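When a ligand or atom number is given, it counts from 1 through the structure's own listing order. Computed over heavy atoms, backbone and side chain alike; hydrogens, waters and symmetry mates excluded. As the structure is a prediction and not an experimental result, all values here were calculated from the model.
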Amino acid sequence: MFITFEGPEGCGKSTQSKKLKNHLEARGHKVLLTIEPGGTQVGKQIREVLLDPTSVLDDASEVYLFAADRSEHVSKIIRPALDQGKIVLCDRYVDSTLAYQIGGRQLPEDLVRYLCMVSSKGLVPDLTILLDVPPEIGLKRALKDGEADRFEKEKQLFHERVRAKYLQLANDDPERIKIIDSSQRTIDDIQEEIRKIVEGKLNEKQ
Ligand code: TYD
């Protein structure tokens, strides 16, 4: 079972994925929680380059780096964990590349989709939790802790395009991508909804 967490800046993915991990482990599941970019040793170095606000990267180089990070991550971490029967929770995956590099950066859709297909080796999540939040709320939350990274520094319009692309992806694939409004509700309330969706999916798979 492969579950991804997605959403714009400050949507609360990291908090929610950690809580879900604890919950699933308490129920006796073996769980791996991992992140993109930066889920492997080489990936951590790639992450530094991608997020460093002083990195000067053109948009094509950026998407190649995300693809390199993913290629390493899928073959060295995600696939082996799935083969061992673990539930894999991944904080950002292919939908981030589609939302940020097609939506945000406006790179050609076919190029980005092709890179995603190759780098993920065709591995598609069983379930994707999309935590939706408008940029005016999410960015404020994200910028509260520390210096802005290269993406957080982007203008609001960029983040609006990212959000719109996410919503379009969810609209195109409602079976896999579940939208959860994370703008006004409490952490526990959102977690409750996530658990219900995940439990439904686990029952379906058994
Ligand atoms: P991170 O600190 O993990 O962001 P967050 O806390 O919001 O999850 O930084 C990852 C950044 O990289 C985030 O701004 C989204 C961006 N990103 C892409 O643009 N494309 C991608 O394919 C991925 C995985 C992330």
Side-chain angles (χ1 to χ4, degrees), residues 2-20 33-40 42-53 55 57-74 77-78 88-109 111-121 123-125 128-135 137-166 169 177 180 182-183 187:
F2 180 31
I3 303 173
T4 58
F5 283 79
E6 294 283 357
E9 308 301 316
C11 67
K13 288 177 292 86
S14 315
T15 310
Q16 293 296 346
S17 53
K18 278 181 205 134
K19 278 185 166 282
L20 182 67
L33 171 59
T34 184
I35 60 160
E36 286 195 7
T40 60
V42 168
K44 287 195 178 76
Q45 291 171 275
I46 297 175
R47 178 184 173 92
E48 290 269 304
V49 174
L50 280 163
L51 296 192
D52 183 346
S55 296
L57 279 177
D58 68 32
D59 294 347
S61 313
E62 179 182 287
V63 74
Y64 300 148
L65 286 174
F66 279 116
D69 172 74
R70 179 156 312 125
S71 188
E72 288 293 306
H73 196 206
V74 169
I77 306 287
I78 300 178
V88 176
L89 307 180
C90 190
D91 184 340
R92 296 198 181 281
Y93 187 63
V94 163
D95 298 299
S96 280
T97 316
L98 302 177
Y100 280 78
Q101 277 64 52
I102 300 172
R105 297 290 187 221
Q106 301 184 293
L107 280 168
E109 177 121 16
L111 166 77
V112 178
R113 283 192 179 271
Y114 180 71
L115 287 170
C116 284
M117 205 250 298
V118 174
S119 60
S120 68
K121 287 97 179 158
L123 178 66
V124 179
T128 296
I129 303 289
L130 170 56
L131 295 171
D132 179 48
V133 67
I137 297 178
L139 272 178
K140 220 180 274 166
R141 279 188 202 156
L143 293 172
K144 259 202 315 222
D145 31 66
E147 200 202 338
D149 66 34
R150 216 167 54 82
F151 291 93
E152 290 162 349
K153 275 193 144 68
E154 284 295 332
K155 49 192 185 308
Q156 183 155 331
L157 199 62
F158 172 91
H159 293 287
E160 272 160 16
R161 288 200 301 268
V162 170
R163 182 189 185 206
K165 187 70 187 175
Y166 267 133
L169 293 169
I177 306 179
I180 296 185
S182 102
S183 53
I187 290 175

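Counting only heavy atoms from C-beta outward, the side chains of P134 and E160 never approach each other to under 4.5 Å.
Ring geometry for Y166 versus Y100: interplanar angle over 60°, hence perpendicular rather than tilted (30 to 60°).
The immediate protein surroundings of ligand 1, defined as residues with any heavy atom under 4.0 Å of it, consist of E9, K13, E36, P37, R47, L51, F66, R70, R92, S96, T97, Y100, Q101, F151.
For the 3.5 Å distance criterion, the side chains of E36 and H73 qualify, holding a donor opposite an acceptor.
Using a distance-only test at 3.5 Å, with no hydrogens or angles considered, no donor-acceptor pair links the side chain of D52 to the main chain of R150.
Checked options P37, S61, S55; the residue passing with V49 is S55 (criterion: side-chain contact (heavy atoms from CB on, under 4.5 Å)). Applying side-chain contact (heavy atoms from CB on, under 4.5 Å) to V63 and the options D58, L57, T97 leaves one that passes, T97.
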